[in-house]
Number of protein chains: 2
Amino acid sequence: MNRYSKQTRLLLAIDCIIFGFDGNDIKLLLVKRSLEPEKGKWNLMGGFLRADENLKECANRVLKQLTGIEGVYLEQLRTFSKPDRDPVERTVSVSYFALIDINKYEKQLNHEYSAEWFLLAEKPKLIFDHDEMVKLAQKQLRYKASLHPILFELLPEKFTIPQLQGLYEGVYDTSFENRNFSRKVLSTGLLMKQKEKDKINSKKGAFFYKLDKKKYKANFQAFLNFIPNPDKFIM
Amino acid sequence: MNRYSKQTRLLLAIDCIIFGFDGNDIKLLLVKRSLEPEKGKWNLMGGFLRADENLKECANRVLKQLTGIEGVYLEQLRTFSKPDRDPVERTVSVSYFALIDINKYEKQLNHEYSAEWFLLAEKPKLIFDHDEMVKLAQKQLRYKASLHPILFELLPEKFTIPQLQGLYEGVYDTSFENRNFSRKVLSTGLLMKQKEKDKINSKKGAFFYKLDKKKYKANFQAFLNFIPNPDKFIM
DNA sequence: TCTATAAATGTGTTTTGTACATTTAAAAAC
DNA sequence: GTTTTTAAATGTACAAAACACATTTATAGA
C-alpha cells in the first residue's frame with residue numbers, strides 16, 4: 001500500500017513524571033540528560049517511540065531500562081507538541097505519570113542507575129518543556145487522588161492510617177481532622193486491618209492496614225468525594 | 001544542529017469526536033473518508049499535524065476546514081498508538097473531543113460540508129480504531145460532566161431548566177427528580193434567570209436561563225458532586 | 001507506678017441529599 | 001368566562017454525610 005504523500009513525519013517520544021513518597025514529602029525521580037544539547041542537565045525519564053511498540057509499551061520499556069522499575073501505576077497524561085519544544089528536531093512528546101513505592105526501589109536506583117529522587121519542592125529546573133509537564137502531573141495527581149484511591153500506589157504494602165493521612169496532607173498541602181479522615185477511609189471498605197502495629201512513630205503504636213486489592217480494582221470509585229471541598233485544590 | 005540519529009519518524013494525526021445535542025439525544029458528527037483505503041466509509045474528522053503547528057492548532061484547523069466550526073469546546077483526550085492502527089503507514093493519532101451547540105451550525109453543515117450528525121446510539125461502524133475513540137470520549141463526557149459544567153457547551157445561549165435536565169438525563173441515560181435537579185443547578189449560582197419563557201414545551205412555559213460566563217470560568221468546579229452517585233455512571 | 005504522646009473512638013451540630021407532595025401559570029376545551 | 005389539562009415551580013420532612021470538637025486508650029520510658 002502506498003504511503004500518505006506530502007505529509008510531515010516526525011519523532012514521537014514519551015516522558016515520565018515519576019512520583020514517590022518518603023513518608024514526609026512527595027518526591028520526583030529525575031535523570032541526567034545523556035546527549036547534547038543540554039547534556040548533563042536534569043530531565044524527565046524519556047525515550048523515542050520505536051516502530052514495533054505502542055506508547056504504553058514504550059513508557060514501560062524506558063522505565064525498565066533507566067530504573068529497573070516495572071509493573072507500576074502508569075497513566076497517559078497529555079501530548080506536548082509545540083513545534084520548537086525540542087531544538088534538535090521536531091519531536092512530539094507524550095507524557096506519562098507514574099506512582100511508585102519509593103522504598104521498593106531505593107537501593108537499586110542509587111547503585112545501578114543514575115536516577116535521583118528530588119523533593120518536589122526543591123527540584124532543579126528541567127530542560128525543554130519538562131517543567132510544564134511536571135506542573136500538569138502535579139495537578140493531575142491532586143485531581144485524580146481526590147476522586148480515586150491512587151495514592152496507595154505510593155505506599156508500601158502495609159501502612160498505618162496516620163501514615164496515609166500524612167500522605168494526603170502532603171499531596172494537598174493541608175491538614176485533615178484525624179477522626180473524620182479515618183472514618184472516611186475506613187468507610188470505603190478498601191482497607192484490611194492487620195494484627196501488627198507500627199511502633200516507630202508512637203508509644204501506643206498504630207495498626208497496620210493492607211489494601212484489599214480486589215476491592216480496590218472493583219471499586220476504583222470508592223473515593224469519589226473523598227477530599228472535602230476538592231475545588232480548593234485541584235484546579 | 002544535528003538530528004537524532006537512528007530513530008523512527010512517523011506521521012502524527014488528530015481525530016475529533018464531536019458531540020451535539022438535538023434537544024432529545026446526544027449526536028455525533030461524522031464525515032466520509034475521502035481517500036483509500038476505506039474510502040467512502042464514515043470516520044471521525046481528522047487530519048495530519050503540520051510542521052508549523054501544535055496539536056490544538058491542528059485540531060482547530062481541521063474542524064474549521066471540514067465543518068466551518070470555530071471557537072468551540074475542545075479538549076485533548078488520549079493519544080492512540082497501536083503500530084498497525086492505520087494500514088497505510090505508521091500513524092499515531094491524538095484524539096480530541098469537542099462539544100458544540102448543534103443548532104448554531106446545522107444549516108452550514110448540511111449545505112457546505114459533507115459532515116453528518118448521527119444519533120450516538122445509531123452511529124455506523126467507523127474505520128480503524130475510531131470506534132474505540134468514540135467509546136472513550138463518551139466515558140470522558142460522563143466523567144467530566146459529573147464534575148464540571150461542560151454540558152452547557154451543548155446548549156444554545158438561552159435554555160430552560162427542564163431542557164438542561166433532559167440533557168443530563170440523556171448523557172447519563174437515567175432520570176432525575178426535578179425538584180432536586182433544579183435546586184442543585186440553581187445553587188451553583190451559574191445561571192441567570194431571564195424574563196422570557198419558552199412556551200414550546202408546555203402551557204405554563206419554562207423560564208429561560210443564561211449561563212453566567214464569568215462565574216462559569218471562575219467557578220469551573222461548581223458542579224463537583226453534581227451527579228448523585230457518579231460511580232454508577234462514569235467508569 | 002506515673003507520665004507523656006500519639007492513636008483511636010465518641011458525639012452533637014450543621015449541611016446536603018433524597019423522596020414525595022403541593023401549588024402555580026397559562027393554553028385549550030368547553 | 002369558566003373549567004380542564006399539563007408541565008413548571010416550589011414546599012417540606014426525613015435520612016445521610018460532613019464537620020468540629022472532646023474523650024478515652026495503649027504503651028514506652030521516666
Side-chain angles (χ1 to χ4, degrees), chain A residues 23-24 146-147 155 158-170 172 174-210 219 221-233, chain B residues 23-24 146-147 155 158-170 172 174-210 219 221-233:
Chain A
N24 289 300
S146 78
L147 300 166
L155 291 173
K158 290 178 188 175
F159 53 86
T160 67
I161 289 182
Q163 274 167 23
L164 184 64
Q165 183 172 342
L167 171 56
Y168 273 85
E169 293 180 336
Y172 292 98
T174 186
S175 64
F176 298 108
E177 217 284 308
N178 74 339
R179 179 69 184 104
N180 299 329
F181 184 88
S182 77
R183 197 203 323 272
K184 227 168 186 176
V185 132
L186 292 173
S187 77
T188 63
L190 258 47
L191 265 45
M192 300 184 300
K193 194 172 188 170
Q194 305 303 110
K195 284 183 182 147
E196 322 92 81
K197 282 183 166 184
D198 164 38
K199 298 214 176 145
I200 294 169
N201 295 302
S202 78
K203 291 164 186 171
K204 182 178 177 180
F207 281 104
F208 279 116
Y209 285 81
K210 277 188 185 177
N219 199 11
Q221 304 306 324
F223 273 39
L224 284 166
N225 295 346
F226 188 69
I227 299 296
N229 304 314
D231 49 320
K232 276 189 205 159
F233 303 109
Chain B
N24 289 300
S146 79
L147 300 166
L155 291 173
K158 288 178 191 178
F159 52 86
T160 68
I161 289 181
Q163 274 167 23
L164 184 65
Q165 183 172 341
L167 171 55
Y168 273 86
E169 293 179 339
Y172 292 99
T174 185
S175 64
F176 299 106
E177 216 286 307
N178 74 339
R179 179 70 186 104
N180 299 330
F181 184 89
S182 78
R183 197 203 324 271
K184 227 169 187 177
V185 131
L186 293 173
S187 77
T188 63
L190 257 47
L191 298 189
M192 300 184 300
K193 195 173 189 170
Q194 304 303 112
K195 285 185 180 143
E196 323 90 80
K197 282 182 166 185
D198 165 37
K199 297 214 176 145
I200 294 169
N201 297 303
S202 77
K203 291 164 186 171
K204 181 178 177 180
F207 281 103
F208 279 116
Y209 286 82
K210 276 188 185 176
N219 200 10
Q221 304 306 324
F223 273 38
L224 284 165
N225 295 346
F226 188 68
I227 299 296
N229 305 314
D231 49 318
K232 275 189 205 160
F233 304 109

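Residue numbers begin at 1 in each chain, while the letters A, B, ... track the order of the sequences.
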- Of K193(A) and N201(A), the one whose closest DNA chain C nucleotide lies more 5': N201(A)
- Message: Within the structure provided, determine whether T160(A) and N201(A) are in side-chain contact (heavy-atom separation under 4.5 Å).
- Response: no
- Task: Can you tell me the distance, in whole Å, between the CZ atom of F181(B) and the P atom of dA9(D)?
- Result: 12 Å
- Message: Over 60° means perpendicular and under 30° means parallel, so tell me whether Y172(A) and F176(A) are parallel, tilted or perpendicular.
- Response: perpendicular
- Could you tell me the separation between the CZ atom of F207(B) and the NZ atom of K193(B), rounded to the nearest 0.5 Å? 4.5 Å
- Just call it for T160(A): base, sugar-phosphate, or nothing, with non-hydrogen atoms closer than 4.0 Å on any strand. nothing
- Query: How does each nucleotide of nucleotides 21-30 of chain D score, in 5' to 3' order, for protein heavy atoms under 4.0 Å: base (B), sugar-phosphate only (S), or none (-)?
  - Reply: B---BBBB--
- When rounded to whole Å, the NZ to C1' distance for the pair K184(A) and dA16(D) reads 13 Å
- Measure the distance from CD on Q165(A) to P on dT9(C) and round it to the nearest whole Å. 14 Å
- Check whether any side-chain heavy atom of D198(A) lies under 4.5 Å from a side-chain heavy atom of K158(A), and answer yes or no. no
- Message: If I take atom CG in residue D198(B) and atom P in nucleotide dA27(C), what distance separates them, rounded to the nearest angstrom?
- Response: 13 Å
- Whole angstrom is fine here: how far is it from CZ in F208(B) over to P in dA7(D)? 17 Å
- Return yes if some donor-acceptor pair links the side-chain N/O of K210(A) with the main-chain N/O of Q194(A) below 3.5 Å, else return no. no
- What's the CG-P distance between L186(B) and dG17(C), to the nearest Å? 14 Å
- Message: I'd like to check I161(A) versus L186(A) (side-chain heavy atoms, cut-off strictly below 4.5 Å). Are they in contact?
- Response: yes
- Distance, rounded to the nearest Å, where F176(B) contributes CZ and dA8(D) contributes C1': 19 Å
